[in-house]
Amino acid sequence: MSSPCLTEVFQTLRTAFGPQRWWPAETPEEVVIGALLTQNTAWSNVEKAIANLRCARLLELEKIAGLEPETLEELIRPSGYFRQKSRRLKNLAATITAAGGLEQLASLSTRKLRQWLLERNGVGPETADSILLYAFERPVFVIDAYTLRICQRHNWLAQDAGYAEAQARFHRELKKDAALFNEYHALLVRTGKDYCRPHRPACRECPLGRFTPHPGSE
DNA sequence: CCCCAGGCGTCCA
DNA sequence: TGGACGCATGGG
């Protein structure tokens, strides 16, 4: 079993953990902001930054686009890399606002929209796909460090598999359903946080234990 | 003290 | 084209 059925994996996680209710945001604009701020950063730190923005009534792209860079830096400081992220978030907010907001961008095809997002400074594949899935509800599977680590550790993917390869596997094998992709990715993050840490053996109670191939069980 | 977190851009061989 | 490196805070 070097290639388990990904639908079966989903059912197992869904039964083990229940619904995850992602993305933890109240509006699509908040998803965009959170997606940028959470890059290589613990979500607990992003929450502090989001709280600062909410408290200042600045949790909107149009308002962020008009802030002084130093002002934004201080608000998002807890989320780390605050100078980079301040510049990138302001640029992204200004570009989206200039384009007429998320509602206007929603008229683009998923392919065009992904391309448009990837052209923004500071927006790579995971950030773009997170925005596509969780802000625009497009059926695009998000690959993150947890997803890659889980798939590699269980030998569902080659050890050197990258973003595109992992995403292709999920797209090939699953029905293109935004609600499914939403829940699936959230469940993989949950699983990774609890059971698939780097440099730590797989935890015994990991619900995915039975999907791990044993030596000689080819 | 250490390592890690829901990445990305740049630089250099 | 691919591997190192910088970016920064906060928690375990």
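Treat the numbers as computed from the prediction; the structure is a model and nothing was measured. First the proteins, then the strands, lettered A, B, ... as listed; each starts at 1.
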- Message: Using a strict threshold of under 4.0 Å (side-chain N to carboxylate O), is an ion pair present between A/Glu73 and A/Lys90?
- Response: no

Determine the contact category for [X]: base if any of its heavy atoms lies under 4.0 Å from a base atom, sugar-phosphate if only primed atoms, P, OP1 or OP2 are that close, otherwise nothing.
X	answer
A/Val46	nothing
A/Gln84	base
A/Thr127	sugar-phosphate
A/Lys48	sugar-phosphate
A/His199	sugar-phosphate

- Task: On DNA chain B, check which nucleotide each of A/Pro198 and A/Ala128 is closest to and give me the residue with the more 5' one.
- Result: A/Pro198

- Message: Let me spell it out: for each of A/Arg120 and A/Asn45, pick the nucleotide of DNA chain B with the closest heavy atom. Which residue's pick is nearer the 5' end?
- Response: A/Asn45

- Would you verify whether the NZ or CZ of A/Arg120 falls within 45 degrees of the ring axis of A/Trp116 while also being under 6.0 Å from that six-membered ring's centre? yes

- Message: Taking the ring of A/His171 and the ring of A/Phe181, is the distance between their centroids below 6.0 Å?
- Response: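 A/Phe181 vs A/His171: aromatic centres under 6.0 Å.
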
How many whole angstroms separate atom [atom1] of [X] from atom [atom2] of [N]?
X	N	atom1	atom2	answer
A/Leu117	B/dG7	CG	P	17 Å
A/Ile76	C/dA8	CD1	P	9 Å
A/Phe82	C/dT9	CZ	P	5 Å

Proximity to the side chain of [X] - top-ranked nucleotide from [options]:
X	options	answer
A/Arg77	C/dT9, B/dC8, B/dG9	C/dT9
A/Tyr81	C/dC7, B/dA5, B/dG9	C/dC7
A/Arg83	C/dA8, B/dG9, B/dC8	C/dA8

- Phosphate OP1/OP2 of B/dG7: any A/Thr38 side-chain N/O under 4.0 Å: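 So the side chain of A/Thr38 is outside the cut-off, no N or O lying under 4.0 Å from OP1 or OP2 of B/dG7.
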
- Message: Is A/Arg149 close enough to B/dA5 that one of its side-chain N or O atoms is under 4.0 Å from OP1 or OP2 there?
- Response: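 Yes, within the criterion.
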
- Side-chain heavy-atom pair A/Phe170, A/Cys151 within 4.5 angstrom cut-off: yes

- Message: Please list all pairs meeting salt bridge (Lys or Arg N to Asp or Glu O under 4.0 Å) that have one or both residues in residues 16-43 of chain A, counting only residues at least two apart or in different chains.
- Response: A/Glu26-A/Arg54, A/Glu30-A/Arg54

- Item | Rounded P spacing from B/dC4 to C/dA4 in Å |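 Here B/dC4 and C/dA4 have their P atoms 16 Å from each other.
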
- On a whole-Å scale, what distance lies between the P atoms belonging to C/dG10 and B/dC8?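 Result for the P pair: 22 Å, nearest Å.
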
